[in-house]
Amino acid sequence: MALAGCPDSFLHRPYYQDQAEQTSAQGTGDLAAPRPPAQPGRLRSHQEDDVDLETLMDDMNTSLESLYPSCSMQSDTVPLCQNGQHTRSQPPPSGTKSLQPQLSPWQKVQRSQPVHILAVRRLQEEDQQFRTSSLPAIPNPFPELCGPKSPPAVPPGSLPPSQDVAKQDVKIFGEDGTCKVVEILTDMTARDLCQLLVYKSHCVDDNSWTLVEHHPQLGIERCLEDHELVVRVESTMASESKFLFRKNYAKYEFFKNPTTFFPEQMVTLCQQSNGSQTHLLQIFLNSSSCPEVQGFLHVKELGRKSWKKLYMCLRRSGLYCSTKGVSKEPRHLQFLADLEDCSVFSLISGRKQYSAPTDYGFCIKTNKLMHDSKELRLLCAEDEQGRTCWMTAFRLLKYGVLLYQSYRVPQQKKALLSFSTPVRSVSENSLVAMDFSGQTGRVIENPAEAQSAALEEGHAWRKRSTRMNVLGSQSPLHPSTLSTVIHRTQQWFHGRISREESHRIIKQQGLVDGLFLLRDSQSNPKAFVLTLCHHQKIKNFQILPYEEDGQMFFSLDDGNTRFSDLIQLVDFYQLNKGVLPCKLKHHCIRVAL
C-alpha cells in the first residue's frame with residue numbers, strides 16, 4: 001500500500017505499515033467499498049499537505065528534543081505520528097476543498113497529525129511493540145490449557161493436604177539425676193532422640209547410647225529399640241515412669257559373637273546348624289524358621305508370693321511352660337505370654353521387691369499394664385548368662401530383621417563417610433607390639449619379647465623429669481600433687497561409690513568384655529579399685545600406691561609395673577592386657593544433661 005503525504009522512512013518500516021493496515025481494518029464498510037479514483041484538485045491538495053506535514057514533523061522533533069533531552073529519539077525508529085483527526089493551529093491554505101465531517105479510515109491515515117505524549121513511556125511502549133511484532137508467530141502447543149474453560153493442570157484433591165507435624169515435650173533424665181525437657185516430633189524414633197541428646201550434651205556418638213524405659217513403682221526397666229517411636233512408648237507409661245539416657249554397649253553385641261549369648265544346651269534349632277555364628281543368626285532372623293530356647297526358670301505364680309521352678313520353652317508363637325517335667329508335647333505345654341503385645345524387662349531389685357530366689361530376674365509385661373504388678377509375668381534365671389540368653393532370644397523372635405537393620409545403620413553411614421574422613425581402627429587385631437630402639441621400627445612377633453617390652457615401657461613411664469620453669473625452680477603444680485588429682489577429671493573415674501554401686505553401673509551399661517571403671521577404695525583410703533567385666537562376670541582389682549625416692553607411683557601387680565598416675569595406668573592396660581583377663585575397652589560414663 002502506498003500512502004501519499006508520508007515520508008520515506010514510513011514506507012520502509014513494516015511496523016508503520018502494519019499499524020496503518022490495522023487502523024484501516026477497523027472500518028468494515030470502508031474496506032468493502034471500492035476506492036474512488038484520484039481527482040486532480042485533490043492531488044494538488046495532497047501535495048500541499050505533503051509540504052505542510054513535513055514541516056510539522058520537523059517542528060515536533062525539535063520541540064520533543066528540547067523537552068526531553070535525556071531520551072535518545074531517532075526519527076527513523078520512533079513513530080511521531082498518531083492516527084486520528086485533530087484541529088490544526090494553522091488555517092488551511094487557499095484553494096483546498098473543505099473536508100467532510102466524517103472521514104474514512106483511509107483518509108484518517110492520510111490526515112495523521114502529531115500529538116503531544118509522554119515521551120519516555122510512549123517510546124518504551126512503541127519499542128516493545130516493535131520488538132514483539134518483528135518476532136515470527138509461534139503456534140501454541142497447548143491451546144486447550146489457555147482457554148477460559150480449560151481444567152487446571154493439577155486437579156484439586158490429587159495432592160495430599162499439608163498438615164503440620166505434631167510436636168510433644170518429653171522429659172529425659174540422666175544417670176546423675178539431672179533432667180532435660182526436649183521438644184520432639186511425634187514420629188521420632190529412639191535412635192533419633194539419642195542422637196539429638198548426644199548433640200545437645202556434647203558427647204561422643206559411638207552408637208552405644210540408648211533410651212531406657214524405667215518404671216520405679218514396678219521395679220523394672222528395659223532399653224528401647226532404635227526403631228521404636230518414643231511418643232507411642234510414652235503413651236503406655238504411668239505418670240511415675242520416666243526415660244533415662246544411658247550407655248548400653250551390649251545392645252547389639254549378640255550380632256558380633258552370638259555363640260556366647262546362646263549356649264548350645266539352651267537352643268534347639270529346627271534345622272541342622274553348621275556351627276557358624278552367621279548361620280545361627282540367620283535361623284533367628286528368618287521368620288520361616290522355628291528356633292526354640294528351653295531350660296528351667298523360676299516362675300512367680302500370679303497373685304501369690306511363691307516361686308516355682310518349671311521347664312520353659314520360648315517359640316515364635318509365645319512362651320510356654322511344661323506341666324510334666326521336661327516334656328514338650330502339645331498336651332503338656334501351657335501358654336504363658338505372647339510376644340506381639342508384650343515387652344521383656346529386667347528386674348532392678350527382684351530379691352527385695354518380689355522375693356526372687358536369685359539376682360537374675362526378668363519379667364514380661366503387656367503394653368496395657370501400667371500400675372498393677374500382680375499381672376506381671378515374673379521369671380528368674382540361675383545365672384547372668386541364662387538371663388541374657390532368654391532376653392536376647394525374646395528380642396530376636398519379636399523384632400527379627402528390624403534389629404539387624406538398626407545394627408547395620410551406623411556401619412552403613414560409616415562406610416559412606418570413610419572416603420572423606422578416614423577413621424583409625426582401634427581393634428585388638430590392629431594393635432601390635434613395636435620396637436623403636438634401633439634406627440627403624442620393627443614388629444615384635446615373639447609373645448615373650450612383647451611381654452618384656454610392655455614391662456619395660458611401664459618402667460620407663462615413671463621416669464619423668466621434674467617440671468622446671470625458666471627460673472630453674474620447681475613448677476607450682478608439683479608432679480606428686482598432680483598425680484593424686486589428675487584422674488578425677490576423667491570420665492572413667494567415679495569417685496567414692498560402693499562395690500554394689502559399681503557392679504550396678506557395669507550391669508546397666510552392658511556386660512561386655514573390657515567394660516571398666518575406677519573408684520576410690522573403701523578399705524584403703526590411699527588405694528583405688530578397677531572394676532572390670534569379663535565373660536559376663538564382674539571382677540575387682542586393687543590399685544596400690546608405692547613411694548620411691550619421694551615420688552608416688554601406682555601399680556596393679558604388686559609393684560612390678562608402676563605408673564606415675566592413673567591416666568598412664570589406664571592408657572597402658574588399654575594397649576596391653578598384662579595381669580588382667582582382658583584389655584580395657586569401654587569405660588562407664590555418666591552424662592549430665
Side-chain angles (χ1 to χ4, degrees), residues 173-178 201 203-204 208 244-249 348-349 359 384 458 461-462 464 477-534 536-593:
F173 290 84
E175 287 290 321
D176 57 350
T178 58
S201 304
C203 304
V204 178
S208 60
L244 302 178
F245 183 55
R246 179 190 298 168
K247 280 271 190 178
N248 184 16
Y249 294 100
I348 300 175
S349 56
D359 294 327
E384 184 62 40
W461 277 355
R462 63 187 177 92
R464 293 193 311 178
L477 188 58
H478 196 275
S480 60
T481 306
L482 180 64
S483 63
T484 58
V485 297
I486 191 173
H487 55 269
R488 299 188 180 275
T489 62
Q490 304 301 309
Q491 295 179 341
W492 40 256
F493 187 76
H494 290 251
R496 293 184 175 274
I497 60 176
S498 63
R499 183 189 185 99
E500 292 75 16
E501 180 70 11
S502 64
H503 288 199
R504 185 186 66 84
I505 295 175
I506 292 286
K507 292 179 180 178
Q508 287 179 349
Q509 300 197 11
L511 293 174
V512 297
D513 292 350
L515 182 61
F516 73 97
L517 63 84
L518 267 72
R519 58 181 177 89
D520 292 319
S521 176
Q522 293 180 315
S523 58
N524 188 350
K526 296 183 179 180
F528 303 92
V529 177
L530 170 66
T531 305
L532 177 66
C533 177
H534 179 63
Q536 297 183 348
K537 295 181 180 179
I538 302 176
K539 301 179 180 181
N540 297 278
F541 302 89
Q542 197 171 38
I543 304 174
L544 298 176
Y546 290 88
E547 186 174 357
E548 181 180 345
D549 298 334
Q551 191 173 359
M552 188 71 66
F553 300 98
F554 301 94
S555 177
L556 265 175
D557 51 3
D558 298 330
N560 293 328
T561 308
R562 303 181 183 183
F563 305 94
S564 300
D565 51 51
L566 296 183
I567 296 181
Q568 290 185 356
L569 184 145
V570 171
D571 291 343
F572 176 82
Y573 285 105
Q574 284 180 335
L575 301 177
N576 307 276
K577 183 174 68 173
V579 296
L580 299 177
C582 63
K583 298 177 184 179
L584 304 182
K585 213 169 189 181
H586 310 289
H587 64 273
C588 294
I589 181 176
R590 287 184 174 183
V591 177
L593 295 176

Practice problem: State, with a plain yes or no, whether a side-chain heavy atom of His503 is found less than 4.5 Å away from one of Thr531. | Solution: yes
Quiz item: What distance do Arg562 atom CZ and Phe572 atom CZ have between them, rounded to the nearest 0.5 Å?
Solution: 14.0 Å
Quiz prompt | Pairwise distance CD1(Ile497) to CD(Gln522) - rounded to 0.5 angstrom | solution = 9.0 Å
Self-check item: Where Cys582 and Gly514 come nearest, the two heavy atoms and their spacing
Solution: SG-N, 3.6 Å
Practice problem: For Gln490, look at atom CD and say whether over 12 heavy atoms of other residues, nucleotides or ligands are found less than 6.0 Å away. | Solution: yes
Exercise. State, to 0.1 Å, how close Ser555 and Tyr546 come at their nearest heavy-atom pair, and which atoms those are.
Key: CB-CE1, 3.7 Å
Quiz item: Is there a side-chain contact between Tyr249 and Lys585 (heavy atoms, below 4.5 Å)?
Solution: no
Self-check item: Side-chain heavy atoms of Leu569 within contact of Thr561, under 4.5 Å
Solution: no
Quiz item: Between atom CG of Asn248 and atom CD of Gln508, what is the distance when rounded to the nearest 0.5 Å?
Solution: 10.0 Å
Exercise. Go through the steps for Phe553 and Ser564 under the test side chain to side chain contact (heavy atoms under 4.5 Å, CB included), then give the verdict.
Key: CA-CA 5 Å; Phe553 300 98; Ser564 300; 4.1 Å; yes
Quiz item: Does the pair Arg504 and Ile538 meet the rule for a side chain to side chain contact (heavy atoms under 4.5 Å, CB included), with working shown?
Solution: CA-CA 10 Å; Arg504 185 186 66 84; Ile538 302 176; over 6 Å; no
Quiz item: For the atom pair CD1 (Ile505) and CG (Leu515), what is the distance rounded to the nearest 0.5 Å?
Solution: 10.0 Å
Quiz prompt | Any Thr178 side-chain heavy atom under 4.5 Å of Phe245 side chain | solution = no
Quiz item: Only one of Leu518, Leu532, Val529 forms a side chain to side chain contact (heavy atoms under 4.5 Å, CB included) with Phe541, so which one is it?
Solution: Leu532
Quiz item: Looking only at atom types and distance, does a side-chain atom of Asn576 sit under 3.5 Å from a main-chain N or O of Gly578, one as donor and one as acceptor?
Solution: no
Quiz item: To the nearest 0.5 Å, how far apart are CE in Met552 and CD in Glu547?
Solution: 5.0 Å
Quiz item: Which atom pair, heavy atoms only, marks the closest approach of Ala527 to Leu544?
Solution: CB-CD2, 4.0 Å
Practice problem: Supply the atom-to-atom distance Asp513 CG to His586 NE2, rounded to the nearest 0.5 angstrom. | Solution: 9.0 Å
Self-check item: With Glu501, the salt bridge (charged side-chain N to carboxylate O under 4.0 Å, His left out) member among Arg519, Arg590, Lys507
Solution: Arg590
Quiz prompt | Working for side chain to side chain contact (heavy atoms under 4.5 Å, CB included), residues Leu530 and Leu584 | solution = CA-CA 10 Å; Leu530 170 66; Leu584 304 182; 4.1 Å; yes
Quiz prompt | For the student: nearest non-hydrogen atoms of Gln509 and Ile589, plus distance | solution = NE2-O, 3.0 Å
Quiz item: Closest approach of Trp492 and His587, non-hydrogen atoms and distance?
Solution: CB-CB, 3.6 Å
Self-check item: Heavy-atom check, side chain of Leu580 versus side chain of His534, under 4.5 Å
Solution: no
Practice problem: Find out whether Phe516 and Gln574 are in side-chain contact, i.e. whether some heavy atom of one side chain is under 4.5 Å from a heavy atom of the other. | Solution: yes
Quiz prompt | Any side-chain heavy-atom pair of Phe528 and Ser521 under 4.5 Å | solution = no
Practice problem: Would you check if the side chain of Glu175 reaches a backbone N or O of Arg246 as a donor-acceptor pair within less than 3.5 Å? | Solution: no
Exercise. Compare every heavy atom of Ile567 with every heavy atom of His487, then report the nearest pair and how far apart it is.
Key: CA-CG1, 4.4 Å
Practice problem: Decide yes or no for His494 and Ser502: does some side-chain heavy atom of the first lie under 4.5 Å from some side-chain heavy atom of the second? | Solution: no
